[in-house]
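Written out below as structure tokens is the structure these notes cover.
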Amino acid sequence: MDAYDEGSRARHLPDGPDGSLPEGPASTDPTPDSTPSTDQDSTDQEFTDQESTSQEFTGQESAPQQPAFQAPTAQAPTAQAPDALAPAPQAPTADPPVPTPTPTGIASLPLRSQVVAALALAVVAVVACVHLGMVFLHVAPSNTVTKQHGRAIDDWIYPEFEQNWKLFAPNPLQQNIDVQVRAQVRGADGAITETGWYDLSALDGAAIDGNLLPSHTQQNELRRAWDFYIGTHDNENRPVGLRGDLSQRYLRRIVVLRLDREGAGGKGAVVEGVQVRSRTTNVPPPKWSEEKVSDTPVLRELPWWTVPEEDVTDARTEASAG
């Protein structure tokens, strides 16, 4: 125990020149070595041993201990480095994910639906191109294609897509054409009488005058039916081609419907036959023009047509529905 105390004391006290302990005043305690250590000495000894062990492990000398309390001393202000004032650099952040656009239109459909829609669009595009080509060939001047395939072109155009370019011709139409009709009717007593001429064009004109929104039927039905008949018959009223009979039946049904609407022959009368004619009058030229035209009307009468029963029935059905 004495050797441990001496060794511990020799480690912390300065050595003499000869390695012995320095001389000092003799202790008043006659038996220092035999006196047991107090609790304070034991605590100091343990702290000293821990500090020594820490120095041996790190290989460095421990810094001198500072007193527990030190009076504040005035110190000169020191300039801080610019880096100390600058904010600490932040780590780069990742870019937010770019939202994927939601597909719209055909792209939003399933694959099978996309294929069906693509095929439908392709069919519509092909039909549109064919239709435009047929219309162009129909209105174009006579050429090799129209001479070889004129029948196919006409079958495609007529009757739904017929074109009339007289307004844009070098010499536009300068005539007023009135379509008139008269009928042979059988009255309730069985007697057959002949009516006067009904000016159907004048009746359509009166219905259009003052009407801001006239119907397509009032404006064009009768006129187009007459043009259809003229274009498919010669000057002797003989049909030219297969469409001649169609144009005749179409015109006949229209005039029978108009006669029934006007009450031809009185109540209960039945139309047995009709005759159609046109009254063509030239439009007078303007005063400053030197052109001379005849003002005498030109009449073209068609033969009498027998009206079948189905035409009369259809006319009455349509009139009652209207």
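Just so you know, these numbers use all the heavy atoms, side chains as well, and skip hydrogens, waters and symmetry mates.
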Tell me, yes or no, whether the heavy-atom count around Asn235 atom CG, taken from other residues, nucleotides or ligands under 6.0 Å, exceeds 12.
-> no
Residues in side-chain contact (heavy atoms from CB on, under 4.5 Å) with [X], at least two apart?
X	value
Leu242	Arg151
Ile192	Gln184, Arg186
Pro286	Trp288, Ser289
Val283	Asn176

With heavy-atom distances below 4.5 Å as the criterion, would you say the side chains of [X] and [Y] are in contact?
X	Y	answer
Arg300	Arg279	no
Glu221	Ile254	yes
Pro285	Gln174	no
Trp304	Arg182	yes
Val276	Tyr229	no
Ile177	Arg223	no
Leu121	Ile106	yes
Leu246	Tyr158	no

Could you tell me whether the side chain of [X] and the main chain of [Y] form a donor-acceptor pair under 3.5 Å?
X	Y	value
Gln218	Ile208	no
Gln248	Gly244	no
Thr313	Glu309	yes
Gln114	Ala107	yes

Would you tell me whether Asn220 and His216 have side-chain atoms, one donor and one acceptor, within less than 3.5 Å of each other?
->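 A donor-acceptor contact under 3.5 Å links the two side chains.
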Atom pair [atom1]/[atom2] of [X] and [Y] - distance to nearest 0.5 Å:
X	Y	atom1	atom2	value
Ile153	Thr146	CD1	OG1	6.0 Å
Asp155	His149	CG	NE2	13.0 Å
Glu262	Leu257	CD	CG	10.0 Å

Under 3.5 Å, side-chain donor or acceptor atoms of residues 195-202 against the rest of the protein: list the pairs with distances, not counting sequence neighbours.
unit_1, atom_1, unit_2, atom_2, d
Thr195, OG1, Ala183, N, 2.9
Thr195, OG1, Ala183, O, 3.3
Asp199, OD1, Ser201, N, 3.4
Asp199, OD1, Ala202, N, 3.2
Ser201, OG, Val179, N, 2.8

Selection residues 101-112 - residue pairs positive for side-chain hydrogen bond (donor to acceptor under 3.5 Å, both in side chains), sequence neighbours left out | none
Could you name each residue pair satisfying side-chain hydrogen bond (donor to acceptor under 3.5 Å, both in side chains) that touches residues 126-136, not counting sequence neighbours?
-> His131-Trp156
If you compare all heavy atoms of [X] against all heavy atoms of [Y], which two are closest, and at what distance to 0.1 Å?
X	Y	value
Arg258	Asp204	NH1-OD1, 3.0 Å
Pro308	Thr306	CD-O, 3.3 Å
Leu251	Ala225	CD1-CB, 4.1 Å
Ala191	Asp189	N-OD1, 3.2 Å
Val255	Arg252	CG2-O, 3.1 Å
Thr232	Ser247	OG1-OG, 2.7 Å

ILVMFWY cluster membership beyond Val123 - transitive side-chain contacts under 4.5 angstrom | Val127
Only counting residues at least two apart or in another chain, list the ones meeting salt bridge (Lys or Arg N to Asp or Glu O under 4.0 Å) with Asp234.
->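 Asp234 satisfies salt bridge (Lys or Arg N to Asp or Glu O under 4.0 Å) with Arg238 only.
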Can you list the residues that meet the salt bridge (Lys or Arg N to Asp or Glu O under 4.0 Å) rule with Arg243, with sequence neighbours excluded?
-> none
Taking Val181 as the fixed residue, which of Leu302, Val274, Leu222 is the one that meets the side chain to side chain contact (heavy atoms under 4.5 Å, CB included) rule?
-> Val274
Are Ile157 and Val135 close enough, and set up right, to give a side-chain contact (heavy atoms from CB on, under 4.5 Å), and what steps lead you there?
-> CA-CA 7 Å; Ile157 296 297; Val135 173; 3.9 Å; yes
Residues which pass ring pair (Phe, Tyr, Trp, His ring centres under 6.0 Å) with Tyr250, listed by chain and number, not counting sequence neighbours = none
With sequence neighbours left out, write down each residue that passes side chain to side chain donor-acceptor pair (under 3.5 Å) with Asp178, or none if nothing qualifies.
-> none
Path from Phe136 to Met134 over hydrophobic side-chain contacts below 4.5 Å = yes
